[in-house]
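See below for the structure under consideration.
Just so it is clear: chains get the letters A, B, ... in the order the sequence lines come, proteins before strands, and each one is counted from 1.
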Amino acid sequence: MLLLQTLRDEKERVLAGLAKRQVADAAELVERAIALDDQRKAQQTANEQLLSERNKLSKEIGGLMKSGRHEEGQALRDKVNAMKEELAVGEETLKTVKADLENLLLQLPNVPHELVPAGVNEEDNEVFQAYPGELPQMPEDAKPHWELAEEYGIFDLELGVRTTGSGFPVFTGQGARLARGLVNFFLDRNTAAGYTEYQPPLLVNEDTARATGQLPDKEGQMYHVTGDDLYLIPTAEVPLTNLYRGALLDAEDFPIKLTGYTPCFRREAGSYGAHVRGLNRVHQFDKVEIVQLAHPDNSYALLEEMVAHVGGLLDELGLPFRILRLCGGDLGFTSAMTFDFEVWSAAQQRWLEVSSVSNFETFQSNRLKLRYRGERGNDLAHTLNGSALALPRIIAALLENNQTAEGIILPEVLHPYLGRTRLERV
RNA sequence: GGAGGAAUGGCAGAGUGGUUUAAUGCACCGGUCUUGAAAACCGACGUACCGAGAGGUACCGGGGGUUCGAAUCCCUCUUCCUCCGCCA
């Protein structure tokens with residue numbers, strides 16, 4: 001959530017940024033927010049004057065009653081009673097204005113960083129780091145991963161349909177082992193890089209989902225457990241970042257680095273078509289997430305560090321990838337800058353997104369009330385996160401790119417995790 | 001799921017209607033003393049909002065109520081503890 005202070009002090013930058021996102025009525029929304037905040041201040045000041053008066057008189061009444069001057073006390077009592085109506089109305093008004101302001105602010109997405117390119121959709125994303133050299137070519141008869149999955153017994157979509165519905169793959173045999181191995185590999189690399197491992201809850205409450213920005217913006221994308229009013233997490237970002245909700249840190253605590261493996265649940269409402277076959281888009285998938293809480297002065301250096309870390313993982317897996325810097329139109333609601341990692345799927349002849357690394361600046365920490373003791377008083381921290389990594393498309397790319405007549409060759413780093421060097425047909 | 005108890009500052013812990021601007025202790029920070037440290041002593045020591053400032057307001061788990069006035073009384077929710085039941 002954007003700060004009122006930012007809207008007031010940096011209106012030009014905010015409007016220019018929101019224009020990059022194609023927010024049509026940005027100027028009007030910002031003006032309305034400022035007007036509502038003016039109204040809030042005026043009302044609050046008026047209310048507090050009344051309260052101050054009341055407190056003063058109440059004290060006097062106490063003194064009068066104690067010293068036995070009941071008549072004078074009663075007179076003051078009547079006076080305070082007369083103020084009650086005005087106070088009640090004032091408090092009701094303040095409540096309404098605050099709620100209106102809050103609702104308005106919830107509608108405003110984050111302001112993109114200056115370096116974020118303008119653009120309408122994914123076609124306008126900037127290729128930040130192209131794949132160096134020629135993309136690997138596959139023979140004509142190269143198979144997509146959903147065919148390989150059957151041949152190698154990696155996962156079964158039909159079994160998932162029976163137990164749950166479409167989009168819930170069941171990993172089987174060496175496929176399940178591959179998934180587990182990848183999770184362990186990622187966690188080991190992340191913890192070696194200084195991230196502390198957590199196993200967070202997979203269900204979160206409404207406050208938690210709102211603090212990282214999933215609510216109200218993405219309500220329809222999360223599974224909602226209505227019986228207990230909880231949400232299945234769409235990413236470990238939600239519980240991990242919320243571990244520090246309401247925290248007041250010291251500047252020297254930064255950076256705080258967290259990692260965690262969780263299944264992720266996404267309704268993916270409205271998705272369909274040829275590009276969602278196999279593991280390309282599913283409702284439940286495994287992901288290892290990295291999160292950083294940072295001092296505002298160096299959060300972009302840490303974003304670079306995270307990008308380098310994720311790139312290192314893909315290098316180790318031997319997967320060809322490129323890095324995109326998302327344009328304003330493709331940027332997530334809460335993000336100020338996002339890099340997407342895409343691996344090349346040789347058999348499908350297309351790029352698959354496997355990681356998204358973002359700096360949210362103070363957008364989440366404002367909702368989280370995540371602060372640190374700064375040089376100029378308490379200030380909001382910056383939050384960042386990224387996938388390191390999401391499994392399904394990594395598995396798809398590994399299967400497709402490494403298929404040979406002798407089986408699917410596993411990258412060397414995975415050998416100890418799977419206890420074998422290649423996957424065999426079943 | 002049932003019964004009972006509890007929730008106060010970083011921590012411990014007083015406070016059951018009005019000088020509570022929350023006692024006291026510990027911790028932390030600054031200072032005096034000391035070659036240095038410890039001890040002792042002195043001082044400072046929460047958060048948010050409004051205000052140019054002086055200052056004001058709110059906050060004792062959350063929400064609501066009673067009252068001129070609520071940490072304190074009432075209702076409600078949440079969480080934790082003890083016991084019982086169930087259970088991977």
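For the pair A:D228 CG and B:U78 P, the computed distance is 11 Å after rounding to whole Å. A:E60 places its CD atom 18 Å from the P atom of B:G18, with the value rounded to the nearest Å. Atom CD of A:Q5 is separated from atom P of B:A48 by 14 Å (rounded to the nearest Å). When rounded to the nearest whole Å, the span between CG of A:L3 and P of B:C49 equals 10 Å.
Between B:U57 and A:N55, a contact under 4.0 Å exists linking OP1 or OP2 to a side-chain N or O. Contact check, A:K84 against B:G69: a side-chain N or O comes under 4.0 Å of OP1 or OP2. Side-chain N/O atoms of A:K56 include none lying less than 4.0 angstrom from OP1 or OP2 on B:U19. Put simply, A:R40 has a side-chain N or O that comes within less than 4.0 Å of OP1 or OP2 on B:C50. Checking the phosphate oxygens (OP1, OP2) of B:U67, no side-chain nitrogen or oxygen of A:N81 falls inside 4.0 Å.
The side chain of A:Q44 lies closest to B:C49, out of B:A58, B:U57, B:C49. Listed nucleotides B:G18, B:G51, B:A48 differ in distance to A:N378; the shortest reach to its side chain belongs to B:A48. Closest approach to the A:K59 side chain among B:A70, B:U21, B:C50 is made by B:U21 (side chain taken as heavy atoms from C-beta onward). Picking from B:C68, B:U47, B:G64 the nucleotide with the shortest atom distance to the side chain of A:R371 gives B:U47.
Each of A:T45 and A:G62 has a nearest nucleotide on RNA chain B; the 5'-most of these lies closest to A:G62. RNA chain B is contacted by both A:D37 and A:V80; A:D37 maps to the nucleotide lying nearer its 5′ end (nearest heavy atom per residue).
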**Message:** Would A:R32 and A:E28 count as a salt bridge (Lys or Arg N to Asp or Glu O under 4.0 Å) here? Give the steps.
**Reply:** CA-CA 6 Å; A:R32 215 160 77 211; A:E28 189 200 325; 3.4 Å; yes
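Pairing of B:A7, defined by two Watson-Crick or G-U wobble distances under 3.5 Å, is identified with B:U78. Checking B:A58 for Watson-Crick or G-U wobble geometry (two distances, each under 3.5 Å) identifies B:U47 as its partner. Nucleotide B:C68 is matched to B:G18 when pairs are restricted to Watson-Crick or G-U wobble geometry with both distances under 3.5 angstrom.
The aromatic rings of A:F185 and A:Y417 stand perpendicular to each other, their planes meeting at an angle above 60°, with 30° marking the opposite boundary.
Atom name C1', nucleotides B:U19 and B:G1: the rounded distance is 50 Å, in whole Å. Between the P atoms of B:A52 and B:G46, the separation comes to 24 Å (whole Å). Spacing between B:C59 and B:A71 at atom C1', rounded to whole Å, works out to 11 Å.
Nucleic acid contact for A:D78: none, since no nucleic acid atom lies under 4.0 Å from a heavy atom of the residue.
The two residues A:P109 and A:F363 have their closest heavy-atom pair at C-CE1, 3.6 Å.
Between A:F186 and the choices A:D286, A:T259, A:T191, A:L313, the side-chain contact (heavy atoms from CB on, under 4.5 Å) rule is met once, by A:L313. Here the rule is side-chain contact (heavy atoms from CB on, under 4.5 Å) with A:R367, and of A:L106, A:L105, A:T212 only A:L106 fits it. The only member of A:Q74, A:R77, A:K79 that meets side-chain contact (heavy atoms from CB on, under 4.5 Å) when paired with A:I61 is A:R77.
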